[in-house]
There are 2 protein chains.
Amino acid sequence: MCQGLLARSLTGRGAPLDGLGPAAAWTTELAAEADSLRRALGRPPGLAIVLVGNRLDSQLYVQRKLEACAKVGIRASVDRLPAAVGQADLEARVRALCSAAAVDGLIVQLPLPPHINAAVVLSALEPAKDVDGYHPLNLGQLLLQAPGSMFVPCAALGCLELLKRSGVDVRGKTAAVLGDSSTVGLPIALALRSSGVGTLTLVVGDVNFASVSQVAGAITPVPGGVGPMTVAAVLHNTLQTARLRLAAC
Amino acid sequence: MCQGLLARSLTGRGAPLDGLGPAAAWTTELAAEADSLRRALGRPPGLAIVLVGNRLDSQLYVQRKLEACAKVGIRASVDRLPAAVGQADLEARVRALCSAAAVDGLIVQLPLPPHINAAVVLSALEPAKDVDGYHPLNLGQLLLQAPGSMFVPCAALGCLELLKRSGVDVRGKTAAVLGDSSTVGLPIALALRSSGVGTLTLVVGDVNFASVSQVAGAITPVPGGVGPMTVAAVLHNTLQTARLRLAAC
């Protein structure tokens with residue numbers, strides 16, 4: 001996972017980057033924002049998570065999101081669908097949840113089973129409720145660096161926020177992003193680009209933690225690195241969906 | 001411009017890549033497709049180009065597109081707007097052209113004057129008529145590698161088609177894209193990624209033709225390189241908009 005690595009050329013120093021402290025500080029700030037949104041909405045901000053199948057990793061990630069939501073006062077619910085769910089049924093469920101009154105934001109937990117076309121499911125999201133920022137319209141706006149881009153995908157937002165809160169200025173630096181997935185690697189590359197990174201290298205593959213830790217100037221541990229920041233970013237983006245709801249009222 | 005360079009590691013040989021021959025061959029194929037679409041539509045495929053201001057380079061590019069359209073039987077028209085046109089007026093013109101019956105595809109010639117928010121203008125395009133593939137939805141679909149992605153931006157499509165017609169297999173190779181613009185550099189990177197390139201380096205900057213030609217394994221000349229392929233890609237994408245119109249009937 002690219003989230004394990006921040007190369008020496010980017011940070012320019014040897015310090016390891018801890019995600020737990022910054023994530024806790026960020027979460028405290030977000031709890032205050034959630035409280036003010038709860039008063040403005042007359043109800044807690046609401047997040048719906050669609051979970052397909054029984055993957056243990058997905059269940060773990062969803063559990064962490066639920067715990068974090070509970071901590072800051074976001075009302076989160078999980079819609080569990082069987083691994084054999086059909087494409088049309090899944091899309092219909094996503095559309096129905098997006099139109100539910102108490103749902104400000106929606107996450108479709110990835111990956112989806114291989115028989116499902118994930119890109120089409122993500123396109124069924126309402127862009128203004130797309131907490132993960134994976135709707136093609138939101139990804140395209142990130143690429144276009146459109147002012148008012150609504151959502152930066154959570155792993156990318158978590159990485160950027162970690163760098164910012166760790167005092168790392170990325171402008172003009174050289175960054176290597178390992179992994180070119182549409183949901184993690186590329187959004188991180190785009191978010192770094194929007195922050196003014198001079199040179200981006202996007203490499204197919206993964207990090208061998210043991211060997212990379214010998215050469216990287218800074219590396220985030222797993223667990224306790226980018227993960228907690230990604231979860232905090234989910235809270236951040238969910239509050240952003242609630243703000244959009246308020247603005248639309 | 002990144003379009004000047006195809007690095008040694010990508011091509012693995014020293015031959016220069018000529019764009020004129022492949023562009024002529026492609027255009028001949030497209031003329032046959034345009035003729036069959038003309039018969040199916042009962043009129044020639046129609047392309048509208050919005051040209052804002054008096055930039056000489058933009059006027060030249062538009063002129064080349066008009067000439068190429070005339071050659072293959074696409075009916076193209078140019079809407080000229082003053083450089084001082086307002087944001088709302090420009091967006092309204094784009095929307096009006098998109099709803100015109102004889103307009104299958106639309107191009108907003110870039111760059112736009114600095115007082116205009118280009119990303120918002122591009123968002124006013126109808127995605128199914130977006131010949132340049134610059135609507136955020138189309139860019140996002142390219143990023144998501146969505147099946148049925150409608151339009152690959154013309155410079156990127158031209159590059160890929162040039163590589164293909166020159167017998168260069170990009171799979172697993174290392175590619176350096178110089179220039180990280182949303183309209184040329186990044187779409188080329190995404191299109192290469194969709195073709196299975198192993199490592200992508202995206203560098204802010206430009207090519208010094210004189211020095212790069214000393215080290216690059218293959219380089220396309222300007223003029224006569226990627227330019228003619230980009231113009232042929234405009235024809236290709238315009239025919240694709242006409243096909244979508246037919247399919248929607």
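Below, read A as the first sequence line, B as the second, and so on, with proteins coming before strands; counting in each chain starts at 1. Note: hydrogens, waters and symmetry copies are ignored here, and every other heavy atom, side chains too, is used.
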(request) Please flag which part of A/Leu143 lies under 4.5 Å from any non-hydrogen atom of chain B: side chain, backbone, both or neither. (result) both

(request) Check salt bridge (charged side-chain N to carboxylate O under 4.0 Å, His left out) between A/Asp104 and all other residues, then give those that pass, not counting sequence neighbours. (result) A/Arg43, A/Arg245

(message) Quick check for you: to the nearest 0.5 Å, what is the distance between A/Leu192 atom CG and B/Asp180 atom CG?
(response) 11.5 Å

(request) Please state whether the side chain, the backbone, both or neither of B/Leu144 comes within less than 4.5 Å of a heavy atom of chain A. (result) both

(message) Tell me if the CG atom of A/Asn54 is crowded by more than 12 foreign heavy atoms within 6.0 Å.
(response) no

(request) Determine which pairs satisfy side-chain hydrogen bond (donor to acceptor under 3.5 Å, both in side chains) with at least one residue from residues 181-190 of chain B, sequence neighbours left out, and list them in order. (result) A/Arg193-B/Ser182

(request) Would you mind reporting whether B/Leu139 and A/Gln141 have side-chain heavy atoms less than 4.5 Å apart? (result) no

